Amino acid sequence: MHTDLSTYNNSWFQPGSFLKRTTWHYINCFFFKSGYFPFYSLKTFFLRLFGAKVGQGVMIKPFVNIKYPWMLSIGNHVWIGENAWIDNIALIRIEDNVCISQGASLLTGNHNYKKKGFDLQTGEIVLEQGVWIGAQAIVCPGITCKVHSVLLVGSVATTSLDSLGVYRGN
């Protein structure tokens with residue numbers, strides 16, 4: 001089968017009103033994706049204002065990109081490193097004491113290359129208590145990283161990670 005992008009249709013995907021998405025876009029650019037406001041409390045304030053559930057002691061470093069905070073739940077004492085990308089077009093649940101290292105990506109969407117229209121596919125991501133996502137690592141849609149699992153630097157999680165497991169590579 002050949003891909004025909006002219007047939008692409010994701011009209012079923014309604015992540016929020018145009019006004020809400022546009023307003024968040026500018027707040028995200030100014031307060032999160034830049035280095036101008038390194039203040040954690042201000043960032044968690046904006047996340048909560050836009051519907052995210054955010055625990056205590058959350059540290060979000062500069063240059064972090066968060067797609068839709070209303071599809072985000074963050075537990076207590078979570079660290080999110082510089083240049084992390086939280087591409088949450090589906091729910092992402094981050095439990096307590098999780099570390100998402102610099103440059104890591106959490107991707108909840110993909111496209112079905114087997115379909116002519118390259119259909120959008122989404123899947124929730126769950127990072128259970130104590131998970132560590134290493135620098136430049138990628139967590140794919142539909143993945144659960146179980147309690148205290150580790151995804152090493154530059155690795156890609158395409159299947160769920162078992163508790164206490166250490167994973168590297170693709």
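All figures in this text were calculated on a predicted structure; none of them were measured in a lab.
Around atom CH2 of Trp70, more than 12 heavy atoms belonging to other residues, nucleotides or ligands sit under 6.0 Å away. Residue-environment remark: CZ (Arg21) exceeds the threshold of 12 foreign heavy atoms within 6.0 Å. Around atom CH2 of Trp24, more than 12 heavy atoms belonging to other residues, nucleotides or ligands sit under 6.0 Å away. Heavy-atom contacts from other residues, nucleotides or ligands closer than 6.0 Å to NZ of Lys20 number more than 12.
Each of Phe63 and Ile80 belongs to its own hydrophobic cluster when Ile, Leu, Val, Met, Phe, Trp and Tyr are linked at side-chain heavy-atom distances under 4.5 angstrom. One hydrophobic cluster holds both Ile60 and Val78 under the rule that ILVMFWY side chains link at heavy-atom gaps under 4.5 Å. Tracing side-chain contacts under 4.5 Å through hydrophobic residues (I, L, V, M, F, W, Y), one never reaches Ile94 starting from Met59; they form parts of separate clusters. The hydrophobic cluster containing Val139 also contains Ile86, counting ILVMFWY residues as joined when their side-chain heavy atoms lie under 4.5 angstrom apart, directly or transitively. Residues Phe31 and Tyr68 share a single hydrophobic cluster, defined by chaining ILVMFWY side chains whose heavy atoms lie under 4.5 Å apart.
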Between Ile100 and Val64, does a side-chain contact (heavy atoms from CB on, under 4.5 Å) hold up when you go through it step by step?
CA-CA 11 Å; Ile100 300 168; Val64 170; over 6 Å; no

Show, in sequence, the C-alpha distance, side-chain angles and deciding distance for Val166 and Leu152, and conclude whether the side-chain contact (heavy atoms from CB on, under 4.5 Å) test is met.
CA-CA 7 Å; Val166 178; Leu152 294 177; 3.8 Å; yes

Derivation of the side-chain contact (heavy atoms from CB on, under 4.5 Å) call for Phe50 and Leu72:
CA-CA 10 Å; Phe50 277 83; Leu72 182 61; over 6 Å; no

Before giving the answer on side-chain contact (heavy atoms from CB on, under 4.5 Å), spell out for Tyr8 and Leu120 the whole-Å C-alpha distance, their side-chain angles and the decisive distance to 0.1 Å.
CA-CA 9 Å; Tyr8 180 75; Leu120 177 65; 3.6 Å; yes

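Between the CZ atom in Arg48 and the NZ atom in Lys43 there is a gap of 14.0 Å [rounded to 0.5 Å]. Rounded to the nearest 0.5 Å, atoms CD1 (Ile74) and NZ (Lys53) are 12.0 Å apart. Going from atom CD1 of Ile133 over to atom OG of Ser155 covers 9.5 Å, rounded to the nearest 0.5 Å. Taken to the nearest 0.5 Å, the OG1 atom of Thr144 stands 6.5 Å off from the CD atom of Glu128. Here CD1 of Ile66 is found 6.5 Å from CG of Asn28. Values are rounded to the nearest 0.5 Å. Between atom CG of residue Leu49 and atom CD1 of residue Ile27 there is a gap of 6.5 Å, rounded to the nearest 0.5 Å.
No side-chain heavy atom of Phe32 sits under 4.5 Å from any side-chain heavy atom of Asn65. Side-chain contact between Cys140 and Leu107 is absent, with no heavy atoms from C-beta onward closer than 4.5 Å. Contact of the Lys67 side chain with the Asp87 side chain is registered, since non-hydrogen atoms from C-beta on lie closer than 4.5 Å. Between Asp162 and Tyr167, some side-chain heavy-atom pair lies under the 4.5 Å cut-off. Here the side chains of His148 and Trp132 are not in contact, with every heavy-atom distance at 4.5 Å or above.
Nearest heavy atoms, Pro62 versus Gly35: CB-CA, 3.9 Å. Here the shortest heavy-atom pairing between Ala135 and Ser101 reads N-CB, 3.3 Å. A pairwise comparison of heavy atoms in Asp96 and Asn76 identifies OD1-N, 2.7 Å as the closest pair. Contact detail for Ala157 and Ile143: the closest heavy-atom pair is O-CG1, 3.6 Å. Nearest approach of Leu151 to Ala137, heavy atoms of both residues: CD2-CB, 3.8 Å. Nearest heavy atom pair, residue Gly142 against residue Ile125, reads N-CG1, 4.4 Å.
Remark: side-chain polar atoms of Thr122 are not paired, donor with acceptor, to backbone N or O of Pro141 under 3.5 angstrom. Asn88 places a side-chain N or O within donor-acceptor distance of the main-chain N or O of Met71, the cut-off being under 3.5 Å.
Using the six-membered ring where Trp is involved, Phe118 and His111 have ring planes that are parallel, under 30° apart on the 30 and 60° scheme.
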